Amino acid sequence: TYELVDDSYEPLYQYRLLVHHSLGETHKAIDDAIKYCSMADVISYVDTIQKIFAEDVNYSMTQIIQLIQSFDDDDTSKEKHDPIYLRGVLSELFGKALQYDDEQSIELYKRYYAQKDGTTYDIDYKMAKWYARIGMYDRAIEDISKYIDSTNGTDQQAISDLAVFKRME
C-alpha cells in the first residue's frame with residue numbers, strides 16, 4: 001500500500017498507471033491515466049495509455065466524461081487544465097465502440113453530446129461521419145438522413161456527404 005503525498009505531482013500518475021496496468025488492475029490504471037492526461041503538458045506513453053483506455057471502453061468513457069464535465073462546470077479548473085487531449089481520447093474510444101458495436105458506450109457518447117449541445121440532431125451527423133470513417137456506410141446513410149430531415153434539407157454539406165456515402169456503399 002502506498003500513500004499519496006502530493007496528488008498534484010503528475011509523474012506520480014504517469015508511473016503508477018504503468019504499474020496498475022502491469023498488475024492487471026484495469027480500472028485503477030484507467031483512473032490514473034485520466035488523471036495523468038488531465039495534468040500533463042506533454043503526454044508520454046501514448047500508445048500504452050490508448051491500450052489501457054481500450055481495455056474497458058465504457059468505463060473509460062464514463063470516467064472521462066465525468067472529468068470533462070467537471071472542467072466544464074468549474075471555471076477555475078479551466079485555468080489549470082484544458083482536457084483537449086481527453087476529448088480526443090473520448091472521440092477515439094467512441095470509434096472503437098462503433099467498431100465493436102458496443103451499444104452501451106455508443107448511447108453514453110450520444111447522451112453526453114446531446115446534453116452538451118442540447119440537441120440530438122448534431123449527434124446524428126457526427127455518428128454518420130464516424131460510421132463512414134469505419135466503412136459502415138449503410139449506418140452512415142441512415143444517420144445522415146435523419147440529420148438532413150431534422151434540418152429540413154438546408155445543410156448543403158450534409159447533403160453532399162450523403163451523396164459521397166451512397167457512392168461508397
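The first residue of the sequence shown is numbered 1, and numbering continues consecutively from there. Quantities reported herein were computed from a predicted structural model and do not represent experimental measurements.
Here the CD1 atom belonging to Ile144 is positioned 8.5 Å from the CD atom belonging to Gln157, to the nearest 0.5 angstrom. Of the inter-residue distances, the one linking Thr62 atom OG1 with Leu108 atom CG reads 4.5 Å to the nearest 0.5 angstrom. The distance from atom CZ of Arg16 to atom NE2 of His21, rounded to the nearest 0.5 Å, is 16.0 Å. How far CD of Glu142 is from CE of Met136: 10.0 Å, rounded to the nearest 0.5 Å. Going from atom CG of Leu162 over to atom OH of Tyr137 covers 13.0 Å, rounded to the nearest 0.5 Å. Interatomic distance, Gln63 CD to Asp31 CG, rounded to the nearest 0.5 Å: 5.0 Å.
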Item to check | Test log, rule side chain to side chain contact (heavy atoms under 4.5 Å, CB included), inputs Ile52 and Thr26 | outcome: CA-CA 7 Å; Ile52 290 170; Thr26 302; 5.6 Å; no
Item to check | side chain to side chain contact (heavy atoms under 4.5 Å, CB included) evaluation trace for Met127 with Ile106 | outcome: CA-CA 9 Å; Met127 294 284 295; Ile106 292 169; 3.7 Å; yes
Checklist entry - Can you check side chain to side chain donor-acceptor pair (under 3.5 Å) on Tyr125 and Asp161, steps first, answer last? => result CA-CA 10 Å; Tyr125 196 6; Asp161 288 342; 2.5 Å; yes
Next on the checklist: Assess the residue pair Tyr13 and Tyr36 against the criterion (ring-ring contact (aromatic ring centres under 6.0 Å, His included)); give the C-alpha distance rounded to whole Å, side-chain angles, the decisive distance to 0.1 Å, and a yes or no.
Outcome noted: CA-CA 5 Å; Tyr13 295 102; Tyr36 168 65; 8.3 Å; no
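Residues Val46 and Val19 do not share a hydrophobic cluster, clusters being chains of Ile/Leu/Val/Met/Phe/Trp/Tyr side chains in contact below 4.5 Å.
A heavy-atom distance below 4.5 Å is not found between the side chains of Ile30 and His20. Taking the side chain as every heavy atom from C-beta outward, Gln50 and Val89 never approach each other to under 4.5 Å.
In this structure, Ser105 and Val57 approach most closely via the heavy-atom pair OG-CG1, 3.8 Å. Taking each heavy atom of Ala33 and Leu17 in turn, the nearest pair found is CA-CD2, 3.7 Å. Between Tyr131 and Arg139, the shortest heavy-atom contact is OH-NH2, 2.8 Å. Between Phe53 and Leu93, the shortest heavy-atom contact is O-CD2, 3.7 Å. For Ile49 against Cys37, the heavy-atom pair with the smallest separation is CG2-SG, 4.0 Å.
The backbone N or O of Gln156 lies less than 3.5 Å from no partner atom in the side chain of Ser160, so there is not a single donor-acceptor pair.
Within a 6.0 Å sphere centred on CD of Gln104, heavy atoms belonging to other residues, nucleotides or ligands number 12 at most.
For the residue pair Asp155/Tyr147, the side-chain donor-acceptor check at 3.5 Å is satisfied.
Ionic pairing of Lys146 and Asp149 is not present here: no N-O contact between side-chain nitrogen and carboxylate oxygen is shorter than 4.0 angstrom.
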